[in-house]
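These numbers come from the heavy atoms of this one structure, side chains and all, not from hydrogens, waters or symmetry mates. One is the number of the first residue; the rest follow in order along the sequence. None of these values were measured; they are calculated from a predicted model.
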Amino acid sequence: MTTPLVEMDGDEMTRILWKMIKEELLLPYIELKTEYYDLGLACRNETDDQVTIDSAEATKKYGVAVKCATITPNAARMTEYNLKEMWKSPNGTIRAALDGTVFRAPIIVKGIEPCVKNWEKPITLARHAYGDVYKNTEIKVPGAGKAELVFTAADGTQIRETIHEFAGPGILQGIHNTDKSIASFAKACFNYALDTKQDLWFATKDTISKKYDHNFKDIFQEIYDAEYKEKFESAGIEYFYTLIDDAVARVMKAKGGFIWACKNYDGDVMSDMVSSAFGSLAMMTSVLVSPDGVYEYEAAHGTVQRHYYKHLAGEETSTNSVATIFAWTGALRKRGELDGNRDLMAFADKLEKATIQTIEEGKMTKDLALITSLNDVTVLNSENFIKEIRKTLETL
């Protein structure tokens, strides 16, 4: 490696796997260069979460990062880790800093068949990572009264709309987005479609939300027509808009091999649906892409807390490390691509091939053994699965 990539360590069982992957699958084969940040909850607490901000700034500098799964603390974690405060999600902090879009796609392996039988190729879910219900304001209405939506401009002028005349108790929610963030989302989707040579679908509910959702639709179309139409036609790929309910119906009958772009909440829900239908969250790649071409790779799943407690108790675990391995290979391949380092790109390809081949030969973790159509599989513990991948890698 000639240029470092940013390495963000994490929490619990995924932190254990992170160390195993580096020792068994990376350090023996490559001169690994990283700028290391410990995003484990203890370090975030110690630095008042400055380490997360620093890691995001380093990612902007170097252009490529790889991130381990991290804890987003709740009340129970406050006590468990003796936290100063309930620190925000590192993923949310990094997404906001990079103004990024999250792309998630299943890792296809023979023997792990999708529940939807006609899905032959991966479906990549592109999720807008700003605003909507994730930055909402809510009111629990105590009784009768009028709710209004009010915007006060910088010059003091106001726009005022009645939301509802309440006759009794109820609830209110205010959500927002910005044209700048929507434009960044659109460009990230168009660029990723061109990079991967896949069709791009975008879906909202503009027939009902005639201003909010329609604004997303309009910005996508304006940017496509002005900057990407000719590029898409030259690449032989298609962009089209459809209603979210129509998109859901189409997705279930499609063969896959496309990118499905969704607003924040839609993407949150649909990415879990797609991953579960393809087999497992532990078999999903996830990459955050900024509009100016910065990439942060991570696993799509959490820290596997239950397995970590078993590990601490000295019990054997069989934790699937595939998504974390593919986070590393994605980052290494992108680093190689940006640096013109073909050997690094070839190694990333080889490690992915070794991982898939190991599973297809019937050697896998317990979660996959429960859903595979292969016969006579060998269930391996967390460490032995990684060591088995290393054995396969040595043969390629």
Side-chain angles (χ1 to χ4, degrees), residues 6 8 55-56 59-60 63-67 89-106 122-135 175-204 212-213 215-224 227-228 231-232 237 239-242 244 247 251 258-275 284-300 323 326-327 330-331 334 337-338:
V6 176
M8 305 174 188
S55 72
T59 302
K60 291 180 188 176
V64 184
V66 59
K67 180 181 172 295
S89 158
N91 289 345
T93 300
I94 294 163
R95 285 170 193 164
L98 300 183
D99 194 18
T101 297
V102 180
F103 295 90
R104 289 182 172 171
I123 295 169
T124 301
L125 213 299
R127 174 187 169 189
H128 188 206
Y130 176 80
D132 301 345
V133 297
Y134 301 87
K135 279 193 170 287
I175 63 172
H176 80 280
N177 226 294
T178 68
D179 286 6
K180 179 178 180 291
S181 182
I182 297 166
S184 294
F185 173 42
K187 288 178 181 179
C189 291
F190 291 132
N191 288 334
Y192 200 77
L194 287 168
D195 283 349
T196 58
K197 299 291 186 290
Q198 294 184 90
D199 290 345
L200 174 66
W201 303 13
F202 178 51
T204 71
Y212 195 98
D213 279 23
N215 198 46
F216 277 81
K217 177 186 176 182
D218 290 345
I219 288 172
F220 262 73
Q221 195 63 51
E222 287 162 11
I223 290 173
Y224 176 72
E227 300 179 39
Y228 291 95
K231 293 176 184 175
F232 267 57
I237 57 176
Y239 164 69
F240 73 87
Y241 172 84
T242 187
I244 186 71
V251 162
F258 55 87
I259 299 165
W260 180 13
C262 291
K263 286 168 55 199
N264 209 343
Y265 178 77
D266 296 339
D268 193 358
V269 175
M270 294 305 169
S271 64
D272 274 14
M273 184 272 287
V274 168
S275 64
M284 287 285 284
T285 63
S286 183
V287 55
L288 178 71
V289 183
S290 81
D292 50 357
V294 172
Y295 294 76
E296 183 247 332
Y297 295 82
E298 61 183 339
F326 272 64
K334 180 55 68 174
E337 183 184 311
L338 294 177

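- Between the side chain of Asp199 and the main chain of Phe258, no donor-acceptor pair closer than 3.5 Å is present.
- Between the Tyr295 side chain and the Thr59 main chain, no donor and acceptor come within less than 3.5 Å of each other.
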Taking it one step at a time, do Ser184 and Thr101 satisfy side-chain contact (heavy atoms from CB on, under 4.5 Å)?
CA-CA 8 Å; Ser184 294; Thr101 297; over 6 Å; no
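- Residues Asn264 and Arg127 form a side-chain contact, since some pair of their non-hydrogen atoms from C-beta on lies under 4.5 Å apart.
- Of all the heavy atoms in Phe103 and Ala188, the pair that sits closest is CZ-O, 3.5 Å.
- In this structure, Phe220 has its ring center closer than 6.0 angstrom to the ring center of Phe185.
- Shown here for Met284 and Ser275, the closest heavy-atom pair between the two residues is CG-CB, 3.3 Å.
- For the atom pair CG (Leu200) and CH2 (Trp260), the distance works out to 12.5 Å, reported to the nearest 0.5 Å.
- Side-chain contact between Lys187 and Glu227 is present, with at least one heavy-atom pair separated by less than 4.5 Å.
- Between Ala56 and Leu98, the shortest heavy-atom contact is O-CD2, 4.0 Å.
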Thr285/Tyr297 under side-chain hydrogen bond (donor to acceptor under 3.5 Å, both in side chains): CA gap, chis, key distance, verdict
CA-CA 8 Å; Thr285 63; Tyr297 295 82; over 6 Å; no
If you apply the rule side-chain contact (heavy atoms from CB on, under 4.5 Å), what do you find for Tyr228 with Leu194, and how did you get there?
CA-CA 9 Å; Tyr228 291 95; Leu194 287 168; 3.8 Å; yes
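- Taking 4.5 Å as the limit, every side-chain heavy atom of Cys189 sits out of range of all side-chain heavy atoms of Ile259.
- Centroid-to-centroid, the aromatic rings of His128 and Tyr265 stay 6.0 Å apart or farther.
- With values rounded to the nearest 0.5 angstrom, Asp195 atom CG is found 13.5 Å from Phe190 atom CZ.
- The shortest side-chain heavy-atom distance between Lys67 and Ser55 does not fall under the 4.5 Å cut-off.
- Put simply, OG1 on Thr242 and NZ on Lys217 are 9.5 Å apart, with the number rounded to the nearest 0.5 Å.
- The minimum heavy-atom distance between Ala331 and Ala65, with the atom names listed, is CB-O, 3.9 Å.
- The local environment of NZ in Lys135 is sparse, with at most 12 non-hydrogen atoms from other residues, nucleotides or ligands closer than 6.0 Å.
- A distance of 7.5 Å separates CG of Asp272 from CZ of Arg104, quoted to the nearest 0.5 Å.
- The minimum heavy-atom distance linking Trp201 with Ala247 is given by the pair CZ3-O, 4.0 Å.
- Remark: side-chain polar atoms of Asp132 are not paired, donor with acceptor, to backbone N or O of Asn177 under 3.5 angstrom.
- Separating the OG1 atom in Thr196 from the CD1 atom in Ile237 is a distance of 7.0 Å, to the nearest 0.5 Å.
- Between Asp266 and Ala203, the shortest heavy-atom distance links the atoms OD2-O, 4.5 Å.
- With salt bridges taken as basic N to acidic carboxylate O contacts below 4.0 Å, one links Lys263 and Asp213.
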Between Thr124 and Tyr192, does a side-chain contact (heavy atoms from CB on, under 4.5 Å) hold up when you go through it step by step?
CA-CA 10 Å; Thr124 301; Tyr192 200 77; 4.2 Å; yes
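- Between Glu296 and Val6 the shortest side-chain heavy-atom distance does not fall below 4.5 Å.
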Between Asn91 and Arg95, is the side-chain contact (heavy atoms from CB on, under 4.5 Å) condition met? List the steps.
CA-CA 6 Å; Asn91 289 345; Arg95 285 170 193 164; 4.0 Å; yes
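- Of the inter-residue distances, the one linking Met273 atom CE with Ile123 atom CD1 reads 7.5 Å to the nearest 0.5 angstrom.
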